[in-house]
K.L.:
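Here's a structure for you.
Just follow the structure's listing: the first ligand is 1, and inside any ligand the first atom is 1. Note that these values count all heavy atoms, side chains included, but never hydrogens, waters or copies made by symmetry.
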Amino acid sequence: MRKILLLGGTSEASALAGCLAERGENAVLSYAGRVSQPKAQPIPVRIGGFGGVPGLVRYLQEHHVTHLVDATHPFATQMSRHAVEAAQQTGIALLALTRPPWRAGPGDRWQAVPDMAAAVAALAGPPKRVLLALGRLHCAEFAAQPQHHYILRLVDAPIEPPALPHHTVVVSRGPFGVSGDLALMRRQGVDIVVAKNAGGVGAEAKLHAARSLGLPVVMVERPPIAHRREASSVAQVLEWLDHSPGARDAVRGV
Ligand code: 3Y8
Ligand code: NAP
């Protein structure tokens with residue numbers, strides 16, 4: 001019997017989870033447990049780290065997983081590295097479901113930077129109103145540029161105030177829409193946006209809004225990620241499931 005472990009946390013993972021549920025697949029979606037109420041899913045969910053590569057190997061073996069799908073975020077590089085290592089150690093089939101990076105188009109005013117430290121450095125200069133659309137983890141790094149007023153878009157309200165002297169917290173989870181992001185940027189008087197090159201559709205609204213308003217964007221490029229087999233659509237994942245070893249145990253139509 002085929003058993004799929006889906007490493008989630010992205011719009012693509014949710015789309016795949018829906019298809020797996022419709023096909024009656026034996027699948028579990030895994031969240032890291034980074035937010036208080038992760039999105040409900042139509043397949044069973046597990047929440048929390050595995051305990052490094054050994055923990056993931058143990059989980060795969062104890063739960064008789066036959067297929068591992070890594071649909072985590074392009075910046076979730078440690079999880080993806082662990083998935084590659086655990087798949088090598090167990091011989092379990094691994095496929096990553098990912099999405100291409102965004103590319104600047106006509107009208108975009110992007111400054112591409114290689115990492116978060118370079119994004120901080122790019123903000124040197126007179127005070128501005130900065131939309132930090134990076135989530136909770138990276139706010140503190142921007143204390144090196146305290147002159148700005150930061151608009152922080154977070155999934156959960158922060159437990160303690162961020163270490164930024166001038167800031168406004170906006171608690172909101174995506175996927176986001178262009179009209180909502182335009183309204184946010186106008187309401188908050190945003191001068192510049194800082195974003196990760198996440199790709200996908202769930203976070204790109206802010207780029208369309210910035211373009212419409214003629215705002216510059218500091219774009220943090222993706223970190224290098226472990227080499228693995230990749231798919232760029234749910235259909236490719238389903239094709240892989242049906243034609244990879246273990247497929248003979250596919251769920252029979254009922
Ligand atoms: C916990 C689980 C779905 C998945 C939706 C996508 C889209 C909306 C846009 C902005 C950018 C950001 C952030 C963002 C987006 C999707 C996707 C995506 C960016 C949830 C979710 C979890 C997380 C973790 C969270 C991080 C944070 C990053 C906010 C769920 C809602 C900035 C990334 O407070 C924290 O600790 C938040 C941490 C990792 C980045 C960071 O470093 O802080 N995502 N986001 C997952 C887990 O526990 O395993 O859906 O409830 C998922 C989504 N967030 O099914 O529809 O597909 O990317 N998530 C970024 O891309 O820059 C917000 O504000 O414009
Ligand atoms: P990360 O830095 O690559 O991973 C750190 C540790 O978190 C992993 O070693 C693992 O812990 C645990 N972990 C990560 N993803 C997990 C998952 N899906 N299921 C179980 N454990 C997981 O990961 P991250 O960047 O913090 O991302 C965490 C989650 O948020 C992921 O699900 C990711 O898809 C989602 N997300 C991240 C971003 C982002 O910008 N980073 C954006 C949107 C969504 P152990 O070592 O204990 O196993």
K.L.:
Any non-hydrogen protein atom below 4.0 Å of atom 14 (C) of ligand 1?
P.N.:
no
K.L.:
In the protein, which heavy atom is nearest to atom 19 (N) of ligand 2, and how far is it?
P.N.:
Ser30 OG, 2.7 Å
K.L.:
Classify the ring geometry between His73 and Phe75 as parallel (under 30°), tilted (30 to 60°) or perpendicular (over 60°).
P.N.:
tilted
K.L.:
On a heavy-atom basis, I'd like to know which of Val194, Val220, Val171, Thr10 is closest to atom 4 (C) of ligand 1.
P.N.:
Thr10
K.L.:
What is the ring orientation for His67 with Trp240, classed by angle as parallel under 30°, tilted 30 to 60°, or perpendicular over 60°?
P.N.:
perpendicular
K.L.:
May I ask whether atom 65 (O) of ligand 1 is less than 4.0 Å from at least one protein heavy atom?
P.N.:
yes
K.L.:
For atom 27 (C) of ligand 1, which of the options Ala32, Ala15, Gly49, Gly135 provides the nearest non-hydrogen atom?
P.N.:
Gly135
K.L.:
Specify side chain, backbone, both or neither for Arg99, according to which of its non-hydrogen atoms lie closer than 4.0 Å to ligand 1.
P.N.:
side chain
K.L.:
Record the part of Phe75 in heavy-atom contact with ligand 1 below 4.0 Å; permitted values are side chain, backbone, both and neither.
P.N.:
neither
K.L.:
Considering only heavy atoms of Gly174, which atoms of ligand 1 have at least one such atom less than 4.0 Å away?
P.N.:
8 (C)
K.L.:
Closer than 4.0 Å to some heavy atom of Leu134 - which atoms of ligand 1 meet that?
P.N.:
32 (C), 40 (C), 41 (C), 42 (O), 43 (O)
K.L.:
Within a distance of under 4.0 Å, is there any protein heavy atom near atom 35 (C) of ligand 1?
P.N.:
yes
K.L.:
May I ask you to list the atoms of ligand 2 that are less than 4.0 angstrom from any heavy atom of Gly8?
P.N.:
18 (N), 31 (C), 32 (O), 33 (C), 34 (O)
K.L.:
To which protein heavy atom is atom 10 (C) of ligand 2 closest, and what is the distance rounded to 0.1 Å?
P.N.:
Met79 SD, 3.8 Å
K.L.:
Would Thr77 count as a contact residue for ligand 2, given that I'm defining contact as a non-hydrogen atom of the residue lying under 4.0 Å from a ligand atom?
P.N.:
yes
K.L.:
Below a 4.0 angstrom heavy-atom separation, can you tell me which part of Arg136, side chain or backbone, both or neither, approaches ligand 1?
P.N.:
both
K.L.:
Taking 4.0 Å as the limit for heavy-atom contacts, which would you say applies to Asp181 with ligand 1: side chain only, backbone only, both, or neither?
P.N.:
neither
K.L.:
When only distance counts, is Gly202 in polar contact with ligand 1, meaning an N/O pair under 3.5 Å?
P.N.:
no
K.L.:
So for atom CZ, which belongs to Arg46, do other residues, nucleotides or ligands contribute more than 12 heavy atoms lying within a distance under 6.0 Å?
P.N.:
yes
K.L.:
Could you check whether atom 44 (N) of ligand 1 has a protein contact, counting only heavy atoms that fall below 4.0 angstrom?
P.N.:
no
K.L.:
Under 4.0 Å from a heavy atom of Arg34: give me the atoms of ligand 2 that qualify, with their elements.
P.N.:
24 (P), 26 (O), 27 (O), 28 (C)
K.L.:
Going by the order shown, which atoms of ligand 1 are within less than 4.0 Å of some heavy atom of Lys206?
P.N.:
10 (C), 11 (C), 65 (O)
K.L.:
Just to confirm my output: which protein heavy-atom neighbour is closest to atom 29 (C) of ligand 2, and how far is it?
P.N.:
Ala32 CB, 3.9 Å
K.L.:
Hey, is Leu137 touching ligand 2 through its side chain, its backbone, both or neither, going by heavy atoms under 4.0 Å?
P.N.:
neither
K.L.:
Looking at atom 37 (C) of ligand 2, what's its closest protein heavy atom, distance included?
P.N.:
His73 CB, 3.5 Å
K.L.:
Can you name the atoms of ligand 2, numbered from 1 with element, that are less than 4.0 Å from a heavy atom of Gly52?
P.N.:
45 (P), 46 (O), 47 (O), 48 (O)
K.L.:
For Gly55 and ligand 2, answer yes if some heavy atom of the residue is under 4.0 Å from a ligand atom, otherwise no.
P.N.:
no
K.L.:
Is the closest heavy-atom distance from Pro74 to ligand 2 below 4.0 Å?
P.N.:
no
K.L.:
How about atom 54 (N) of ligand 1: does it have a protein heavy atom within less than 4.0 Å?
P.N.:
no
K.L.:
Examine ligand 1 and decide if any of its atoms is less than 4.0 Å from a heavy atom belonging to Leu154.
P.N.:
no
K.L.:
Judged by non-hydrogen atoms, does Arg81 sit under 4.0 Å from ligand 2?
P.N.:
no
K.L.:
For Pro38, counting its heavy atoms only, list the atoms of ligand 1 lying under 4.0 Å from any of them.
P.N.:
51 (O)
K.L.:
Under 4.0 Å from a heavy atom of His73: give me the atoms of ligand 1 that qualify, with their elements.
P.N.:
33 (C), 58 (O), 60 (C), 61 (O)
K.L.:
Output yes when the distance from some N or O of ligand 1 to some N or O of Phe176 is under 3.5 Å, and no in every other case.
P.N.:
no
K.L.:
Select one of side chain, backbone, both or neither to describe which atoms of Ala133 lie under 4.0 Å from any atom of ligand 1, heavy atoms only.
P.N.:
both
K.L.:
For atom 47 (O) of ligand 2, which of the options Gly51, Ala203, Ala83 provides the nearest non-hydrogen atom?
P.N.:
Gly51
K.L.:
For ligand 1, which atoms sit closer than 4.0 Å to a heavy atom of Lys39?
P.N.:
3 (C), 30 (C), 50 (O), 51 (O), 55 (O), 56 (O)
K.L.:
Quick check on contacts: which atoms of ligand 1 are under 4.0 angstrom from a heavy atom of Ala198?
P.N.:
61 (O)
K.L.:
For atom 29 (C) of ligand 1, which candidate among Val45, Leu152, Leu137, Val155 holds the nearest heavy atom?
P.N.:
Val155
K.L.:
Does ligand 1 have an atom that lies less than 4.0 angstrom from a heavy atom of Gly200?
P.N.:
no
K.L.:
Which atoms of ligand 2 have any heavy atom of His82 under 4.0 Å away?
P.N.:
9 (O), 46 (O)
K.L.:
Among all protein heavy atoms, pick out the one at the shortest distance from atom 35 (C) of ligand 2; state its residue, atom name and that distance to 0.1 Å.
P.N.:
Gly9 O, 3.8 Å
K.L.:
Where is the nearest protein heavy atom to atom 2 (O) of ligand 2: which residue, which atom, and how far?
P.N.:
Gln78 CB, 4.1 Å
K.L.:
Does Arg173 approach ligand 1 within less than 4.0 angstrom via side chain, backbone, both or neither, non-hydrogen atoms only?
P.N.:
side chain
K.L.:
Determine the minimum heavy-atom distance between Val237 and Val69, stating which atoms define it.
P.N.:
CG1-CG2, 4.2 Å
K.L.:
Quick one: look up the protein heavy atom nearest atom 11 (O) of ligand 2 and list residue, atom name and how far away it is.
P.N.:
Gly49 CA, 3.6 Å
K.L.:
Hey, is ligand 1 close enough to Asp156 that some N/O pair sits below 3.5 Å?
P.N.:
no
K.L.:
Could you point out which residue of Val178, Leu213, Leu182, Asp108 forms a side-chain contact (heavy atoms from CB on, under 4.5 Å) with His208?
P.N.:
Val178
K.L.:
Going by a strict under-4.0 Å cutoff (protein heavy atoms only), does atom 20 (C) of ligand 1 have a neighbour on the protein?
P.N.:
no
K.L.:
Would you check the N or O atoms of Gln41, main chain and side chain alike, for any that come under 3.5 Å of an N or O of ligand 1?
P.N.:
no
K.L.:
What protein heavy atom sits nearest atom 40 (O) of ligand 2, and how far away is it?
P.N.:
Lys196 NZ, 2.5 Å
